[in-house]
Visitor: 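Submitted below is the structure of interest, expressed as structure tokens.
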Amino acid sequence: MIFKKGELFNGPGGLSLAAKKAKVIHPETGEEFRIEHLWSNDYDATACETFRLNICENPDDPSVHWGPVEDLPIGDKSILGDIDCFAFGFPCNDFSIVGETKGLGGTFGPLYTYGVQVLKDYQPKFFVAENVGGLQSANEGKAFIQILTELEDSGYKLTPHLYKFQEYGVPQARHRIIIVGIRNDLAEEGIEFKVPAPITLASTEYKTASEAILNPPIPEDAPNHDMPKHTAKVKEMLSYIPPGSNAWYPGIPEHLQLKVKGARMSSIYKRLDPDRPAYTVTGSGGGGTHMYHWEDLRALTNRERARLQTFPDDFIFAGSKEAVRKQIGMAVPPLGAQVVFEAILKSFAGIEYDYVEPAPKLQLENLRGKKKVAIKEVVTTII
């Protein structure tokens, strides 16, 4: 069974690489269950170029549509073609806890509605939607309820869950909400997605940042592995910061300390702890936010960041250094997402797998119940 996939906000291809690698063979019938790319869209030209280079066989593949999602002819199957499944990591800028968290009132917040439109027009067998953990608290929790309601009303049984990717073999503390939807008629026939069980829950068994970067060593001629340059002052300051600490470490001499007023972000000149998963790889930020090596007095290269995101070394990112950094930081870790896609394929194949219960506080019926209780409490207080 081959599922033809459409995708919005494709980025460099983290979700698509995961879907491409996810293959399931039925142990009795020998039938293969896999996913193939059919079309995708993103407004970032370099991300589309990266996607074509690595996901498609043709670097000029017309199935990757560059431009605003508003201009994509959603529903026109003569242009986009029909699909069996759908993926969309809708923009998280307005839901991330780093920033103004405008939620549905921002520029990017409402873009999930184009994913809803795809579901209504194509009715694929299943979909996978991804966003930051901050989505659940945006607009006092109302945004998440609205998004889940619209996805459910499109004809799907939803399983939202907060995945802690370090529990799934990713060498990075990255927490993301992934919503899996199975079309109602298929769910009624017995196809049920269950949250795949973590590979490990013990923090002592997590894959560490040093394991990811050093084992095996990155070839010197690997793509996107240009060494960053720093001033002598930055190098000297880094020399006083131990692994796992940042620019606010008290042992830094006064003449090297940052003179910053207000909030002190923990990621500023923060060096990796080699014995723990990395902190979250980000796609933007000024000086001091590039993630720093635990031993060398420098920031990480883009290839090292890509390893923390579980992209293979032969995955080539197009664009300038900053464009590549953005693509890597905004991507979904392929290794983590692959576990989800494989669980979906097993669900369709009727193959059992280890699973855990989805996070109760993210389930729509529980969220609606909380809202009703909250409203009742407010009314009672007023009376």
Visitor: Can you list the residues that meet the salt bridge (Lys or Arg N to Asp or Glu O under 4.0 Å) rule with D153, with sequence neighbours excluded?
Guide: none
Visitor: Looking only at atom types and distance, does a side-chain atom of Q363 sit under 3.5 Å from a main-chain N or O of P360, one as donor and one as acceptor?
Guide: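 Answer holds: no.
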Visitor: Which pairs count as side chain to side chain donor-acceptor pair (under 3.5 Å) when at least one residue sits in residues 271-281, sequence neighbours excluded?
Guide: none
Visitor: Just by distance, do the side chain of D42 and the backbone of D44 share a donor-acceptor pair under 3.5 Å?
Guide: yes
Visitor: Could you label the plane-to-plane angle of the Y163 and H161 rings as parallel, tilted or perpendicular, counting under 30° as parallel and over 60° as perpendicular?
Guide: perpendicular
Visitor: Kindly say whether the aromatic ring centers of F317 and F311 come within a distance under 6.0 Å.
Guide: yes
Visitor: Taking 4.0 angstrom as the limit, do D84 and K4 come out as a salt bridge?
Guide: no
Visitor: In Å, rounded to the nearest 0.5 Å, how long is the span from CD of E130 to CZ of R176?
Guide: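 The CZ atom of R176 is 6.0 Å from CD of E130, to the nearest 0.5 Å.
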Visitor: Taking only Lys NZ, Arg NE, NH1 and NH2, and the carboxylate oxygens of Asp or Glu, determine whether E365 and R368 approach each other closer than 4.0 Å.
Guide: no
Visitor: Taking only residues two or more places apart in sequence, or in another chain, which ones meet F9 in a ring pair (Phe, Tyr, Trp, His ring centres under 6.0 Å)?
Guide: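 Once residues adjacent in sequence are excluded, F9 has no partner under the ring pair (Phe, Tyr, Trp, His ring centres under 6.0 Å) criterion.
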Visitor: Using modelled atom types only, decide if a donor and an acceptor are shared between the side chain of W39 and the backbone of S63 within a distance under 3.5 Å.
Guide: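 Absent.
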Visitor: Side chains of T200 and Y168: do they bring a donor and an acceptor to under 3.5 Å?
Guide: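 No donor-acceptor contact under 3.5 Å links the two side chains.
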Visitor: Could you pull out all donor-acceptor pairs under 3.5 Å where a side-chain atom in residues 74-82 meets a protein atom, sequence neighbours excluded?
Guide:
| from | atom 1 | to | atom 2 | distance (Å) |
| --- | --- | --- | --- | --- |
| D76 | OD1 | S78 | N | 3.1 |
| D76 | OD1 | S78 | OG | 2.4 |

Visitor: Ring centres under 6.0 Å, that's the criterion: do H290 and Y269 meet it?
Guide: no
Visitor: Tell me, which pairs form a side chain to side chain donor-acceptor pair (under 3.5 Å) where one or both residues lie in residues 228-244, sequence neighbours left out?
Guide: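 Residue pairs with at least one partner in residues 228-244: there are none.
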Visitor: For the pair N41 (side chain) and G67 (backbone), establish whether a donor and an acceptor sit closer than 3.5 Å, ignoring hydrogens and angles.
Guide: yes
Visitor: Which residue pairs pass the side chain to side chain donor-acceptor pair (under 3.5 Å) test with at least one member in residues 180-192, sequence neighbours excluded?
Guide: R183-D185
Visitor: Just jot down the ring pair (Phe, Tyr, Trp, His ring centres under 6.0 Å) partners of F88, sequence neighbours excluded, or say none.
Guide: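 For F88, the residues satisfying ring pair (Phe, Tyr, Trp, His ring centres under 6.0 Å) (neighbours in sequence not counted) are F86, F90.
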Visitor: Establish, from distance only, whether the side-chain atoms of Q166 and Q172 form a donor-acceptor pair under 3.5 Å.
Guide: no
Visitor: Given 3.5 Å as the limit, does a donor-acceptor pair link the side chain of R305 with the main chain of V281, or not?
Guide: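 Side chain of R305 to backbone of V281: no pair is present.
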Visitor: Any side-chain heavy atom of Y355 within less than 4.5 Å of one from V195?
Guide: no
Visitor: If the condition is ring pair (Phe, Tyr, Trp, His ring centres under 6.0 Å), which residues does F127 pass it with, not counting sequence neighbours?
Guide: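 F127 satisfies ring pair (Phe, Tyr, Trp, His ring centres under 6.0 Å) with Y156 once adjacent residues are dropped.
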Visitor: I'd like to check the side-chain hydrogen bond (donor to acceptor under 3.5 Å, both in side chains) partners of T50; sequence neighbours left out, ordered by chain and number.
Guide: Q327
Visitor: Decide yes or no on salt bridge (Lys or Arg N to Asp or Glu O under 4.0 Å) for E342 and R34, but give the supporting numbers first.
Guide: CA-CA 9 Å; E342 286 178 347; R34 58 189 173 89; over 6 Å; no
Visitor: Considering only residues two or more places apart or on different chains, which pairs with a residue in residues 22-31 satisfy side chain to side chain donor-acceptor pair (under 3.5 Å)?
Guide: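 Passing the test, one end in residues 22-31: no pairs.
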Visitor: Examine F348 together with F33 and report whether their ring centres are nearer than 6.0 Å.
Guide: no
Visitor: Applying salt bridge (Lys or Arg N to Asp or Glu O under 4.0 Å), which residue pairs with at least one partner in residues 194-221 are found, sequence neighbours left out?
Guide: none
Visitor: Closest approach of L15 and G89, non-hydrogen atoms and distance?
Guide: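 Smallest interatomic distance, heavy atoms only, reads CD1-N, 4.0 Å.
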Visitor: Given S16 and H37, is the side-chain hydrogen bond (donor to acceptor under 3.5 Å, both in side chains) satisfied, shown in steps?
Guide: CA-CA 7 Å; S16 273; H37 160 81; 4.8 Å; no
Visitor: Can you list the residues that meet the ring pair (Phe, Tyr, Trp, His ring centres under 6.0 Å) rule with H65, with sequence neighbours excluded?
Guide: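 Once residues adjacent in sequence are excluded, H65 has no partner under the ring pair (Phe, Tyr, Trp, His ring centres under 6.0 Å) criterion.
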Visitor: Have N224 and R303 got a donor and an acceptor in their side chains that come within less than 3.5 Å?
Guide: yes
Visitor: If we ignore hydrogens and angles and just use 3.5 Å, is the side chain of N246 paired with the main-chain N or O of S266 as donor and acceptor?
Guide: yes
